[in-house]
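Remarks on the structure that follows.
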Amino acid sequence: MLQRRFDEYLPRAEDQSIPLLPMTYDHRAIEAAWQQRWESDGLYRSVVDWDKPKHYALTMLPYPSGDLHIGHWYAMTPSDARARVMRMKGYNVLFPMGFDAFGLNAEVAAVQRGVHPAKWTWGNIERMRSQMKSMGAMFDWEREAISCDPAYYKWTEWLFKQMYEHDVAYRGEAMVNWSPTLQTVLANEQIIDGLDERTGQPVIQKMMEQWFFSITKYADELLEFEGIDWPDSIQAQQRNWIGRSEGARVDFTTEDGDTITVFTTRPDTLWGATFMVLAPEHPLVETLTADGQRTAVTDYCEAAARRTELERLEGEVDKTGVFTGGYAINPVNSQRVPVWVADYVLISYGTGAIMAVPAHDERDFEFARKFGLTVTPTIQPADADPLDGATMDEAYIGPGVVVNSGPIDGIAVTEAKGRANPSIAAAIDWLDQHGAGKESINYRVRDWLISRQRYWGSPIPMVHREDGTIEATADANLPVVLPEDVEFDGRSPLGRHEPFFAAVDSDGKPARRETDTLDTFMCSSWYWFRYLSPDFASGPFDPEEAAYWLPVDVYTGGAEHAVMHLLYARFFVKAMRDMGHFEETRAIMEAHGKDADGAFDEPFMLLRNQGQILGEERAGDRLVIDGESDGARLIASKLKVDGEAADFEGAVVGELMRRTENLLQVDTGETTVTVEVPPEAVVEIAHIPGGNDVNQLKQHLEVQRMSKSKGNVVNPDDLVDEYGADTVRAYLMFAFEWLKGGPWDNHNIIGCRRFIEDMWRIGTLDYSPKAPSDDADIGLRRRIHQSIQKVDSEMMAFKWNTAVAALMTLRNDMLDASRNEAVSVDVWNEGVETMIKLLAPISPHITEQLWRDRGNQSSIHLQAWPEADADAAREDTITMIVQVNGKVRDRIDVAADINATDAEAAAFASGKVSEWTRGNEIRKVIVREPKLVNIVI
RNA sequence: GCCCCGGUGGUGGAACGGCAGACACGGCGGAUUCAAAAUCCGCUGCUCGAAAGGGCGUGCGGGUUCAAGUCCCGCCCGGGGCACCA
C-alpha cells in the first residue's frame with residue numbers, strides 16, 4: 001500500500017540550509033525556499049569554460065509593461081526547461097534575461113499616468129524581475145542587460161555611430177509614415193494596412209528628412225536561410241517582406257528631355273506600353289503637366305495627399321487618374337505615349353512610375369478601358385484567334401508568343417519569371433544592346449527608418465553644425481545621456497530642452513544636438529551580445545566571452561516579430577560582421593580551435609516560435625435559432641442569445657459548444673447542429689441593446705487575446721499561489737501544442753496538479769516489496785528506459801505536451817508498481833530517481849526537494865541527464881497485427897525477434913484469420929516483421 | 001490574387017505510410033464516507049447487437065499503395081503573412 005511518511009520526517013541535521021521538507025506537499029514553502037537557496041548558491045551562474053561544450057539558449061526579452069503575463073510564462077518556461085536539459089546533458093549553458101525597456105509604449109503609458117517614463121519603467125522592471133524569479137527559471141541574473149540603462153545605450157549609440165561611419169546609417173529625405181496620433185515617424189514594418197500596428201490609428205505619407213539604416217543593401221543575403229534552422233513561416237514572411245522581383249529598369253524620355261525611369265518585371269511587353277502612369281507624389285508631375293491640365297492635375301494630387309494610405313488601399317476599387325497633358329517616348333519603338341497621374345501607382349514602390357501595358361496587365365487594362373486609352377497586344381496565346389486590343393475584355397496574362405514587338409517577335413513567352421522566361425531574356429538583351437535600359441532587381445523592402453520624434457529612446461549621437469553639416473559625437477563623450485528633467489505635453493520634450501540640444505561641435509562652435517531618438521528595435525537588435533558581458537567598458541561585448549558563447553544556439557519567442565525584430569537582428573549581425581566587429585572574437589575562437597566560419601553570418605542558429613495563449617473560450621450560451629436547413633447545416637434567419645424555446649416557433653434550442661467565424665456548433669441535448677449565421681440574420685443578444693448582427697455575436701463570443709479591458713486576463717501570480725510554479729510550468733507545457741498555443745482553459749490544470757502530487761507520493765514513499773519478481777523488475781525497467789528515450793526526444797523537439805504525457809505514463813506505471821509491490825527496491829529506486837531527473841527541467845522545485853530529501857548533497861540540476869539503456873528498453877514480446885485485406889482481424893503476442901516465416905505461420909494459425917480467409921484464394925501475404933502480417937485474398 | 005500553416009472524440013491533444021484517438025480534462029457507473037470533498041477501481045469515437053461480434057469513422061471528392069490521418073491531384077473551411085508591388 002501507498003503510505004505517506006509525513007510524521008517520520010525530520011530535517012537533516014547536517015545541512016540546515018536545505019529547506020525543511022514539509023509534512024505534506026506544500027508548494028509555497030518548497031518553491032520559495034529553493035529559489036532563495038539557488039540564488040545564494042549561484043547555481044545558475046554561467047562562466048566560460050573552454051573544456052566544456054557551450055550552449056547559448058536565448059528567449060526573447062520582455063518589454064517592461066507592468067505585470068508578468070501568462071504569455072511570458074508560456075514563452076519562457078519551456079525555453080528554461082530546454083536550457084536545463086542541455087545543462088544536464090553536460091553543456092555549459094548560458095541562459096540570460098533582460099529588459100527591452102525603451103519605447104513609445106512606456107512613454108505613452110507613463111505620461112498618461114502622470115509618471116516619468118524612467119520611473120515607470122524602472123519600477124516595472126523591479127516588479128517583473130521578482131515575478132520572473134517565481135518561475136524558478138535558471139536565468140543568470142548577473143548577466144542582465146537593460147536597454148534604457150546608460151551603460152547599455154552607450155553601446156547602442158556607439159553602434160549607430162559605427163553604422164554611420166561605415167555608410168550603413170545615413171540621413172536622407174524620403175516619403176515616410178507619419179503618425180499624427182503618436183507625433184512621430186514609424187518604420188514600414190510598424191505599419192499594417194495603413195494603420196500603426198500599436199495603436200491602430202492611421203498614418204499619413206510625408207516627405208521628411210530622417211535617419212535610415214540601409215537594410216536594402218543586405219536584401220539578397222537576408223533572403224538566404226542556408227545553415228540556419230528557422231520555421232518555414234518565418235522564412236516565408238521575411239521573403240515576402242523583402243519582396244524580390246526580377247526585371248529591368250527602362251528610361252523613357254519626356255518631350256522636355258527629362259528621364260522617367262520605370263521598373264518592370266515584364267520588359268518583354270515594352271512594345272505594348274501605350275501610356276505611362278506616375279504616382280501623384282512623383283517629382284516630374286509638376287514639370288510634365290501641360291498648362292491646360294494644371295488645375296485638374298493639382299486638384300487630383302492634393303486630393304490624393306489628403307487621403308490616408310488606408311483609404312487609398314481600401315476605399316478605391318475603381319481606378320482614378322488624370323492626364324498630365326505631357327508625353328514621353330517609348331525607347332523600344334519611339335512611340336509617343338501619354339503620361340497620366342494615378343494613385344494606383346505608389347511612390348513607395350519601384351520608381352514611383354510605370355509603363356502601362358493594358359493588353360497584359362489587369363490594372364493597366366482597367367485604367368485604359370476607363371479612360372479610353374489604346375490597347376496593343378504583344379503576346380499571342382497559342383491555339384487562339386489573334387488578340388484584338390479594341391475588343392479584348394480582359395488583360396491576357398498567360399504564355400504564348402511575342403507579336404507586334406519588332407526585334408523580339410516570335411520568341412516564346414512562358415510562365416517563368418525573370419531571365420528564365422525566353423521573351424524576358426530577349427527583351428533585356430535588346431535593352432542592353434541599345435542602351436535603353438538594363439536588367440534590374442527591385443525589392444519591396446525599404447531602408448529601415450530608425451529615427452523617432454519621441455523622448456523615451458536612445459539618443460542619436462549626432463550634432464548638426466552651423467554650416468548645415470552633421471558630425472558624430474566623439475566616442476569619449478558617449479553616451480549622450482537622455483535628460484530626465486523634462487516636461488511632457490504630447491510631443492517629445494527634447495527639441496525644447498536647451499540643456500540637451502545645445503551642443504558644441506568638434507571645432508568648438510555652437511551646434512544643435514540631434515533631438516530624435518532611436519527606434520527601440522535598434523536596442524533589441526544586439527542585446528544578446530550585451531548579455532555576454534553587461535559590464536564590459538571597452539566595447540559592446542567582450543570578445544573573450546563572445547568567442548566562447550557565440551552564436552546563439554537556440555532562440556525562442558513570438559512569431560509576431562517575424563519581419564521586425566527577427567529581420568533587424570539578422571541585418572545587424574551581417575552589418576557588424578562587415579564592419580569588422582567580430583575580428584578579434586574570430587581570432588580568439590580560432591586560437592581555441594573553434595570553427596569560426598559562419599559564426600557571424602546569422603545571429604540565431606535555431607529558432608522556434610511558441611504560439612499564443614488566448615482568452616478562455618466562451619461557450620455555454622443558450623441559443624434559440626430559427627432558420628432553414630440546407631442539408632448540412634442550419635442557416636439562421638433569427639437567433640437569440642439566452643432566449644426561451646417559445647421565442648420562435650419550431651426553433652432549435654441548444655447550448656453553444658464552439659464558434660468559428662460565423663459557424664456555431666450547438667448542442668441541442670440530442671445532437672450537435674452546425675448553424676451558419678449569415679450577415680442578414682436577425683440577432684438578439686440580451687445584454688447588448690439595440691440592433692445586433694453577426695458581428696456583435698462574434699464580439700460577444702470571441703476567443704481572443706487577453707486584455708485588461710476584456711477582463712479575460714489570466715494572472716500567473718494567482719495560479720502560482722494556488723497550484724505552485726511546478727504545476728503551472730507543467731500545465732503550460734502539457735496543455736498546448738507549444739508551437740501553436742490556444743485558448744486558456746482553467747479546468748485542465750487540475751490534472752497537472754494531481755501529477756505533481758503523485759510525484760510527491762512516489763518520491764516520498766517508503767517502498768518495500770512483498771513478493772519480488774524478476775519479471776516485474778524487467779517490466780518496470782523496460783518502461784523506465786522507454787520513458788527516457790521518449791522524454792528526451794520529445795524535449796529536444798520542443799514537443800513539451802508529449803514529453804509530459806510520457807512522464808505521466810511513467811507515473812502510472814510507478815503507481816501500479818507501488819501497489820503490486822513486486823519490483824525490487826533497486827528497480828523502484830531507479831524508477832524514482834529517473835522520474836525526478838526527467839521531471840527536473842519542467843518542475844525544478846519539487847524535484848530538487850525530493851532529490852535532496854533522498855540524501856543527495858548536490859543539486860538535481862547538476863545531475864547527468866539519464867541515458868536510456870537500449871537493452872532494457874527493448875520489448876521481448878510484441879503484439880503482432882494480423883490484417884486481412886488491410887483490415888485488422890487479430891492481434892497475436894509474438895517474440896519481438898520473430899522472423900518472417902514464423903510470423904506468417906503464426907498469422908495463419910489464428911482462428912479468427914481463417915474465418916475471414918476460408919474459401920478464398922490467398923493472393924499475397926505481406927509480412928512486416930515483427931509488427932504486421934497482411935493477408936490479401 | 002499570391003505565400004505559409006492547419007482541419008482527428010464532448011474538450012486540449014497523440015499517432016517512423018502499418019492497431020486511429022496515447023496522455024489529460026470532462027462524463028457515466030462503482031468503492032470509501034452519516035454525507036460531501038478528496039482518493040481509489042471500471043467504462044467512455046459513432047453505430048447495430050443481450051453478448052460474442054460486426055459496420056462506419058481523421059473537412060469534401062478522386063488517386064497511388066497489400067495498407068493512407070499521414071503521400072499525390074482537385075476542392076471547401078479556418079488561422080497567419082503579403083497585396084493596385086508594376
Side-chain angles (χ1 to χ4, degrees), chain A residues 2 192-193 231-243 245 247 262-266 269 273 277 279 312-314 316-319 342-346 348-357 361-364 366-367 442-444 559-560 562-563 611-612 617 619 632 657-658 660-661 663 665 667 672 731 734-737 739-740 742-752 754-755 757 790 799 801-812 815 819 879-891 912 915 923-928 931-937:
Chain A
L2 269 179
I192 296 170
D193 292 339
D232 289 345
S233 66
I234 300 287
Q235 294 188 28
Q237 281 182 58
Q238 293 203 351
R239 287 200 182 98
N240 269 343
W241 186 260
I242 293 166
S245 304
V262 300
F263 171 76
T264 176
T265 54
R266 296 305 302 268
T269 62
V277 184
R312 269 176 76 167
L313 294 179
E314 285 189 355
E316 301 288 338
V317 184
D318 250 12
K319 295 272 180 296
D343 64 5
Y344 82 91
V345 174
L346 307 177
S348 57
Y349 184 80
T351 61
I354 62 159
M355 64 166 197
V357 184
D361 181 282
E362 288 168 24
R363 297 151 300 177
D364 298 343
E366 191 191 328
F367 194 81
N442 191 63
Y443 299 94
R444 192 188 156 282
E560 68 274 17
V563 294
Q612 195 171 32
E617 188 151 14
M657 304 304 292
R658 195 169 203 192
T660 35
E661 279 301 299
L663 293 183
Q665 299 292 322
D667 180 3
T672 304
Y731 180 57
F734 177 69
F736 306 88
E737 213 180 317
L739 303 175
K740 196 169 132 199
W744 176 259
D745 185 331
N746 238 328
H747 305 295
N748 292 349
I749 192 168
I750 189 66
C752 286
R754 286 177 192 150
F755 167 61
E757 285 174 0
K790 176 83 174 161
K799 294 171 83 175
N801 56 344
T802 46
V804 175
L807 283 166
M808 287 178 167
T809 309
L810 182 58
R811 173 265 314 259
N812 294 340
L815 289 177
R819 281 181 213 106
T879 302
M880 186 174 78
I881 306 308
V882 186
Q883 297 175 330
V884 178
N885 283 352
K887 282 187 189 284
V888 179
R889 296 302 181 190
D890 201 4
R891 298 175 172 86
K912 287 180 186 161
E915 278 173 36
R923 303 208 339 249
K924 199 170 179 180
V925 180
I926 286 99
V927 182
R928 284 287 170 275
K931 189 141 190 204
L932 173 138
V933 175
N934 186 12
I935 301 163
V936 184
I937 56 176

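Below, chains carry the letters A, B, ... as their sequence lines are ordered, and counting in each starts from 1. Worth knowing before you read on, the calculation uses all heavy atoms, side chains too, and leaves out hydrogens, waters and symmetry mates.
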What's the gap between [N] and [M] when it is taken at their [atom1] atoms, as a whole Å value?
N: rG62(B); M: rC76(B); atom1: C1'; value: 15 Å
N: rC4(B); M: rC19(B); atom1: P; value: 30 Å
N: rA51(B); M: rC43(B); atom1: P; value: 16 Å
N: rC56(B); M: rC2(B); atom1: C1'; value: 40 Å
N: rG78(B); M: rG55(B); atom1: P; value: 36 Å
N: rG9(B); M: rG45(B); atom1: P; value: 13 Å
N: rU11(B); M: rG26(B); atom1: P; value: 15 Å
N: rG69(B); M: rG61(B); atom1: P; value: 13 Å

Hey, does Leu807(A) have a side-chain heavy atom less than 4.5 Å from the side chain of Arg811(A)?
no

At their closest point, which heavy atom of [X] faces which heavy atom of [Y], and how far apart are they?
X: Phe736(A); Y: Gly742(A); value: CE2-O, 3.5 Å
X: Asn240(A); Y: Arg444(A); value: O-CD, 3.8 Å
X: Thr265(A); Y: Ser245(A); value: CG2-CB, 3.8 Å

Under 4.0 Å between a side-chain N or O of [X] and OP1 or OP2 of [N]?
X: Arg889(A); N: rC19(B); value: no
X: Lys887(A); N: rC56(B); value: yes
X: Asn748(A); N: rG13(B); value: no
X: Arg754(A); N: rA38(B); value: no
X: Thr351(A); N: rA86(B); value: no
X: Asn801(A); N: rC23(B); value: no

Select from Asn812(A) and Asp232(A) the residue whose nearest nucleotide in RNA chain B is closer to the 5' end of that strand.
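It is Asp232(A), whose closest nucleotide lies nearer the 5' terminus.
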
Could you check Gln237(A) against Asn442(A) and say which one's nearest nucleotide on RNA chain B is further toward the 5' end?
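Nearest-nucleotide comparison on RNA chain B picks Gln237(A).
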
Does Lys319(A) count as lying over the ring of Tyr344(A), i.e. NZ or CZ under 6.0 Å from the six-ring centre, within 45 degrees of the axis?
yes

For [Y], does its backbone N or O pair with a side-chain atom of [X] as donor and acceptor, under 3.5 Å?
X: Asn442(A); Y: Phe263(A); result: no
X: Asp364(A); Y: Val357(A); result: yes
X: Arg889(A); Y: Val884(A); result: no
X: Gln883(A); Y: Leu932(A); result: no

I need the [atom1]-[atom2] distance between [X] and [N], as an integer number of Å.
X: Phe736(A); N: rC25(B); atom1: CZ; atom2: P; answer: 16 Å
X: Tyr344(A); N: rG1(B); atom1: OH; atom2: C1'; answer: 17 Å
X: Asp361(A); N: rA86(B); atom1: CG; atom2: P; answer: 9 Å
X: Trp744(A); N: rA24(B); atom1: CH2; atom2: C1'; answer: 14 Å
X: Ile750(A); N: rU39(B); atom1: CD1; atom2: C1'; answer: 12 Å
X: His747(A); N: rC25(B); atom1: NE2; atom2: C1'; answer: 9 Å
X: Ile881(A); N: rA15(B); atom1: CD1; atom2: C1'; answer: 14 Å
X: Glu737(A); N: rG21(B); atom1: CD; atom2: C1'; answer: 15 Å

Provide the Watson-Crick or G-U wobble partner of [N], both distances under 3.5 Å; none if there is no partner.
N: rA37(B); value: none
N: rC56(B); value: rG45(B)
N: rA67(B); value: none
N: rC25(B); value: rG10(B)
N: rC2(B); value: rG81(B)
N: rA86(B); value: none

Could you classify rG45(B) for me, syn or anti, using a glycosidic angle within 90° of 0 as syn?
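It is anti.
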
Give Lys799(A) one of three labels, base, sugar-phosphate or nothing, depending on what nucleic acid heavy atoms sit under 4.0 Å from its own.
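Here Lys799(A) touches the backbone only, sparing every base.
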
Could you write out each protein N or O paired with an N or O of nucleotides 62-66 of chain B at a distance under 3.5 Å?
residue	atom	partner	partner atom	Å
rC66(B)	OP1	Lys924(A)	NZ	3.2
rC66(B)	O2'	Asn934(A)	ND2	3.2
rC66(B)	O2	Asn934(A)	ND2	2.6

Minimum-distance nucleotide to [X] side chain [options: [options]]:
X: Ala805(A); options: rC23(B), rA15(B), rA86(B); value: rC23(B)
X: Ser245(A); options: rA86(B), rC84(B), rC82(B); value: rA86(B)
X: Lys319(A); options: rC23(B), rC19(B), rC84(B); value: rC84(B)
X: Thr264(A); options: rA22(B), rA20(B), rA86(B); value: rA86(B)

Would you say the ring centroid of Tyr731(A) lies under 6.0 angstrom from that of Trp744(A)?
yes

Presence of donor-acceptor pair under 3.5 Å, side chain of Lys740(A) and base of rC5(B):
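It does not, because no donor-acceptor pair links the side chain of Lys740(A) to the base of rC5(B) below 3.5 Å.
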
